[in-house]
Amino acid sequence: MIRITPVPAYKLYLTIGGIFSSLILMAILLSFIYMPYDTQATVYAAKFAPPSTEHIFGCDHFGRDVFSRTLEGARLTVFVSVFGVIIAMTLGGIFGSVAGYFGGWIDNIVMILSDSVMAFPGILLALVFVAVYGAGVYNIIWALGLVFFPSYARVFRTGIRQLKDREFILQASIIGVKPIRLVLIHIFPNLLPQLIPSIVIGLANMALSEAGMSYLGLGIQPPYASWGKMLKDAQSHVIEAPWTIIFPSLALLFYILGLYFVSEGISIRFGLGRHSK
Amino acid sequence: MTYLSEPVLVVENLSLSFFDVNQNTSHPVLSKLNFDLRKGEVLGIVGDSGSGKTLTALTIAGLLPETAEVTSGRIMFEGKDLLKLNAQDRRKLLGDKIGMIFQEPLSSFNPLMTIGSHLNEVLTSHSKPQVPSDNADNRKSKIIDMLAHVGFTNPLRIYNAFPHQISGGQRQRALIAGTLLLKPTLLIADEPTTALDTVTQAQIVDQLKRISRSFNLSVLFISHDLMLVERICDRVAVMHNRRIVELETPKDILHTPTHPHTAKLIRSARSVRTPKDKQRIDYSDEHTPLIRVRNLSAGYNDSIFFGSAHHHEVLRDVNIDIYSGEILGLIGSSGCGKTTLTRVLTGLIPGTAGTISENGRLLSDFSNKKKSKRISVGLVFQDPYNSLNPTKTIGWLLEEPLRIHNICSRNERKKRVLQMLSDVGLASKYQNYLPHQLSGGQRQRVALAVSLMLSPSLIIADEPVSALDSSVQAQILELLYKINREKGVTFLFISHNLSVIRSICNRVAIMDDGKIIETGFIDDVFDKPRTLLASNLVKAETNYHPRSMRTIDSQ
Amino acid sequence: MQTDTVFFESFSRKSTAIRFIVAMMIFFVLTSIFGCRNPAESSAEVSSKDGIRSGGEVIVGITQEPSLFDPHTVVAAGDEEILFNIFEGLVKCTSDGQFVPALATDYTISEDATTYIFNIRTGVKFHNGDTLTPEDVVFSLKRASGLLTGTALKPDLAGIKDVRISGENEVTVEFISPDAEMIPFFTTAIIPESVSDIGSTPIGTGPFVFLEYRVGESVVLGKNNAYWQEGLPYLDKVTFKITAGMDAAFLELQSGSIDIFPYLTADKAEQIKDRYQILSGNTNMVQVLALNNAAEPFNNPLVRQAVNYAIDRQDLSNLIMEGQSTLLTTGMSPAMGDYYDATVDGTITYNPDKAKALLEEAGYPDGFRSTIKVPSNYQIHVDTAIVLADQLARVGIMVDIVSVDWATWLSDVYQGRNYDSTVIALTSEYTPRDVLSRYVSTSEGNFINYFNSDFDSIYSQIQSEISLDERIALYKQLQQLLVSDYASVYLQDPKNIVAVKNEIKGYLVYPIYVQDMSTVYFAE
Amino acid sequence: MGYIAKKIIQLILTLMLVSIITFAAFWVVPGDPARIILGPNATAEQVDSLSEELGLDRPISERYLQWLGSALTLNLGQSLSFKTPVNELIAQKLPVTIALSVISLMLTMAVSFPLAMIAARRPGKLTDHVVSVVTHSFFAVPPFVLSIFLTLIFGIGLKWFQVGVFIPHDRDFWGFIGCMIMPSIAIALPKIAMALKFIRSSILSEKEKDYVRTAKSHGLSDADVMRKHILPNALVPVITVFAIISADILGGSLIVEQVFGLPGIGRLLLQGISSRDFPLTEGIIIYLAGMIAIVYFVADILHSLIDPRIRLK
């Protein structure tokens, strides 16, 4: 039989994912150290300037440097998605753990609550949230966190319910481990195989939802740049200034694919909940 | 007589290796196997896990995973080299000429299909156009006949049942019926009884033996249990480290093992059964038992919705005494309430009525709903792969009981961990290992060590060796024994292997349907069982290992 | 190996499930190619005259959902766009901002400006076939002015004391106090007295008949064959298609499925000019960076002055409107003609150094931090805020843009007056009074909290002043006060850019928020 | 029976909670519907008289209870801004949203199942990687950007469909379906990646189960094993995933409707929120939440139909 893959698949995934992710990370680092242009400076002369040595990604409809804005966008998008996931995971972790650990009526209440939130179209909840508290980076993070927490609650709940009756957990409770320590120290690390993919999907979903909210005018406030906001602003200039939409799209693509590749690589390498034995 | 018949299957110089895509390496799993199987013969293959016995079976059947590669040899079946056949021809042999049964009877069936439709598939996928009577009704009656043939008294019920609705033994028999439908010449049985309890094991093995005779069927019987193989096989091949190291009649193997590994297997199988001088325990009336359980009832609530609950009683009026220093055996068929009893004793679930006292002191009175205190108890589980937290190091796991009870200083804790590791026979380097880096036996040692860390007065060992290879089983039993004697730790030892019970326990309790139906000294219960169930159990056990029992007796 | 064939064998096995899947895929491919056709080809009967082809249908894109069809309670500009084609008043506005008799053939205003007498046109028919009578006119004006119910549906007409028939086809309107500027308000729709619920059955005398409204989709109007203006309208059918917003509308423009689209931005117009004629006209809109005169730090006139000098209006106009706007200095657009005080032009110019100096003088040498609340549904205002924020940052004023939805803007900014600054366009219907009344300290519309007692007294003077020249002079004084008080930063009067398909002619750009479809036709 | 009753109680509780959350949101969100309808130039008196006409002068709790009371008789009240019964408005828009969602869902299934089977045929091989990378690239692009590109390429460039043309279903049913194709593709493309990943791993994990070996040992062909054993079992967890995807699709149509100018319920909802039209918004949200809850409900029922372990305890 001829082996077509000279490089193990996980290495390929990790390499490509690593390259993509590190591009985004480098963009973030660069944005702190060196910003080629003021991301908010409007220059009529540079309106829709195509990519050149001066503006490597070109300029947008206000003559703002797309490269600088993409850098700033990296910072904001990653910030929003990471903290959105952290909030969703914290809330989901608390609710899901309580529901999964205690079961019974507590479980029923928590699940009906999270079902109700899930039955809401996610973007709608974010919409109401932003309408009440106003748009802005922090409110978006909270809104996204609230929208996505039920799915994390489910991951935690299912995981804990599965693990709760596993023998090593019984063993731990026999030797006298208290519930909180049991959940935090003994159970959580074992949830990682389920959590890693849902974190990755979560990060991607947060970035995409932020873009969707920006599209509805609820996302990151102008004049700040997030990739979603840039895409929204650029959409009516696709034909005359395609660079305004291409570069933020690529950045988003790299971010999400990078995450996806890395998690895929990790899960193949460690055989987390997968086919490979 | 069987020696004279023609060979059905000849395996020559067979080697197999696995390719690891991630590591880009290839490693051998079978090396140069040579054996043959004659018509009507039952050939046993024994060996520890990882020795290659299951892979041998899969290679013959052509069910290897994609990453496996046959590197040399041939498999002649009825004059044809199986390895040279194309995929389709090979597939046609399966089910038709070659039947197979597997270890895990629940997962061997598609949960979404009835038993009947499974068996029907065997017929339809080999439909022979020359048979004019091949229609659904005929097929059904054929299947029902075969189900009756393998001993079902109500074959129609089995036909219409889903796999989860029938017991493990029934599933295994249904599987056998399926393989026999097209009257194959070769049956490959891969550990067909390992997951079953003693009584059912005996039934299935007898069934196989009978079928082999009546169909003149060649059987390749794979097992890790030397004594079981000895019972039904005409010849036995011992596999070790990817190779067949010995191929002889059972008698020759047992009496004159030529390979050191065979000898080791025999030794460990026997050592379990060698009666040891057991602890002398004071069972006099004035001596209060360590644990006294009186009129204990327990069960579960199936919470439907918001409180409206349905109580499901599992334990009913259980009375049991456990004396300090003894090893008390507990036997009972699966589902009789053994697990619930251990849960109540360890305090994982409360009882609904009854009392538990320790050394005469009342600890829990479930009838009064008084806040109960736990007895200090350790628990060792059956599955060593599941009983250790896979994300923690061994050292961490051993330290955890001391850490949470804040028993001593950090350094002292480390010292005690090392001490405990050496007590259970593990080198100190293992404290930095993760559970998956350990073998099954090593993990079971760690599990025992964890439960010993808090010096409990009682350790409940729930089938602690049944998942282990027989050579390892003996070592673990030995360790339990040692701990019992040297540390005076009391054990409640749950097992369905009566010979194990007999060899290490002082007393035995028999449980059925949530009640303890019989308690007594080992010899009393085994020689003069008072209840029907007890006598059935004992009978099955002696049937199961007749020759090995004799061997023990003759020594 | 063996599993290679699994998938393809399953096809040959004719599994129903897979056949279904394949069928679905084929279905999707086919329907996506052939499924969507142009729903209606324009069917036009040709009756040629001067290259005008009578008949045909036109689709006009609008971005706001119409909410009310009662012409007297309607306030939203988006609604009036449509209703202009259905209803008519005694007078009518033309595309050059003049008011010409419509359902009245002529009118006279008494010397003291308290009595207006209209001669009603005869032979005009409502869409339901009824003939217009002076009774209808009296009913309509009484209904609008509140003489029927006590609440004036049209607040501008609240000063009417009495409406009566004063002769054959003659209606007299009496005002409580003299007011010479009332003619524009007689554009108020005349509705038939016989129709009880005008909101759900809009029946007027206009060139088009209301046919259908589908929420979120369209408002469809048909030709009024009995229209009193001979030969008008040309079109058979006009569909006002409600689009999801400017961006969605622009995609449709690019594909050509909208025929006419107003209020386009200049750079978008540039992209579609090969298929569309780009028309433009004044809108009489005043886009303003409104400063809350009652809140820190804009309660300090020096700060307001500094902000005025910090803004580069030309640059803003270039960035936002491609220069397609009239720059403003005061709270009135030059589109108001004689009323506009041209002397204020150029009195405030971009001068960041002066702005910085003024800030220092005001006690903010390092600038300050502030917010701009903008209604997120108006892209132009959000864009303007972005540019303004950048310009203000250059003099040290750091502004955070807070975009809120329209409902929140109305309640927080307009009614609650809880804001630092905002960008909004002040629209006015017809008169200079409309434009300037909002700066009277007691006015509800004075959301910038402007207070100048001189302004209040001059304004009250105007109302009783009969002489036009005097009034104009007073209006100019008011405009100068706004400039000298730096009431806010007046930015620009954006041009209304309209895209009209090349084959469509006769579209007129109005200085008010209407779409007059009566003159539109397909060229030969 | 008990199972279904339990699910129905859960459904009702969920809807109650959803309506309360919406109600609470309206309680805190600033904005006066009458002012929004009348615009900034209206006078306070006009606004007041409209408020009175719409019944907005009464406290919101009273309005909610009244709403709830009539909602129990399936009457969702009258829209404030459209002055039309909410049920009527929803009935007008619902076909669009349902058609869009159903077509997107069918599209997702029609593409993801075959692709997942191809990918799972030889896990870890080139086709597998290519399929998952390509689908994930679609996943990584926001739906509105996808919509724009689809419109540009197929609508404006290739002219396969007319941008912004919407044909009501009661006028020309097939034309109506035709208008849904492009938006459905925009919605479905990202979902395909998600569905594919789950179906693939579900197939792979079933592939390794012992019963597959049993079936093979009975001499079944690989295709039969796939069709009769692996796929039905793989379907069991996939049903739940598709319930989640359906809910996602319903939510996703909200944005895509905007780009394609489809007059669906999503657009009505945005209008309801932005005009603070309490009965309209509450009504739409109840409908949407009800639909999602019903999807989950149906998934549960399907689950129990396919899997005898749930059906026959």
Side-chain angles (χ1 to χ4, degrees), chain A residues 1-14 102-109 111-112 162-193 195 265-277, chain B residues 18-26 65-69 301 303-309 339 342-343 345-349 374 376-392 396-398 400-405 435-436 443 447 450-454 456 459-460 462:
Chain A
M1 195 197 283
I2 307 152
R3 308 286 180 195
I4 19 170
T5 340
V7 187
Y10 81 92
K11 276 191 190 160
L12 207 68
Y13 272 109
L14 286 180
F102 292 104
W105 61 271
I106 297 181
D107 185 28
N108 278 324
I109 287 180
M111 282 303 110
I112 285 179
Q162 278 166 3
L163 285 170
K164 204 175 68 164
D165 293 327
R166 288 276 291 279
E167 290 168 350
F168 66 87
I169 297 301
L170 293 182
Q171 179 73 274
S173 51
I174 288 167
I175 61 172
V177 180
K178 298 273 176 301
I180 290 182
R181 186 180 170 88
L182 193 70
V183 169
L184 288 181
I185 308 286
H186 291 257
I187 294 183
F188 275 6
N190 288 289
L191 287 175
L192 282 180
L195 278 179
I266 290 174
S267 54
I268 293 177
R269 176 67 187 87
F270 295 103
L272 300 176
R274 288 179 54 95
H275 54 283
S276 52
K277 268 184 185 163
Chain B
F18 271 134
F19 182 76
D20 187 332
V21 188
N22 291 336
Q23 310 290 344
N24 199 20
T25 53
S26 180
E66 263 184 77
T67 47
E69 226 181 322
N301 286 326
S303 167
I304 294 174
F305 202 70
F306 281 127
S308 65
T339 308
T342 61
R343 299 260 163 120
L345 285 178
T346 48
L348 287 173
I349 58 167
R374 278 183 189 184
S376 75
V377 56
L379 188 54
V380 179
F381 296 94
Q382 169 178 7
D383 181 4
Y385 294 88
N386 217 345
S387 55
L388 300 177
N389 192 333
T391 54
K392 306 286 189 233
W396 193 95
L397 287 170
L398 289 177
E400 178 72 354
L402 303 177
R403 197 184 297 121
I404 55 166
H405 291 286
H436 76 265
R443 289 187 216 201
V450 171
S451 55
L452 281 169
M453 276 321 276
L454 291 172
I459 288 184
I460 300 174
D462 190 352

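Because only heavy atoms are used, hydrogens play no part in the values below, and waters and symmetry mates are left out as well, while side chains stay in. Residue numbers start from 1 in every chain, and the chains themselves are labelled A, B, ... in the order their sequence lines are given, proteins ahead of strands.
Expressed to the nearest 0.5 Å, how far CD of B:Glu400 lies from CD1 of A:Ile175 amounts to 5.5 Å. B:Asn389 CG to A:Ile187 CD1: the interatomic distance, rounded to the nearest 0.5 Å, is 9.0 Å.
Under the side chain to side chain donor-acceptor pair (under 3.5 Å) criterion, A:Asp107 pairs with A:Arg157, A:Arg161, not counting sequence neighbours. The salt bridge (charged side-chain N to carboxylate O under 4.0 Å, His left out) search around A:Arg166 returns none, not counting sequence neighbours.
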Practice prompt. List the steps and the verdict of side-chain contact (heavy atoms from CB on, under 4.5 Å) for A:Lys178 and B:Ile404.
Written response: CA-CA 8 Å; A:Lys178 298 273 176 301; B:Ile404 55 166; over 6 Å; no
Discussion item. Quick one, A:Leu170 with B:Arg343, criterion side-chain contact (heavy atoms from CB on, under 4.5 Å). Give me CA distance, side-chain angles, the key distance, then yes/no.
Written reply: CA-CA 9 Å; A:Leu170 293 182; B:Arg343 299 260 163 120; 3.2 Å; yes
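Proximity to chain B involves both the backbone and the side chain of A:Ile185, based on heavy atoms less than 4.5 angstrom apart. Only the backbone of B:Leu388 has a heavy atom closer than 4.5 Å to any heavy atom of chain A.
Nearest heavy atoms, A:Glu167 versus B:Ser387: CB-CA, 3.9 Å. Across all non-hydrogen atoms, the minimal contact from A:Gln171 to B:Ala447 is NE2-O, 4.2 Å.
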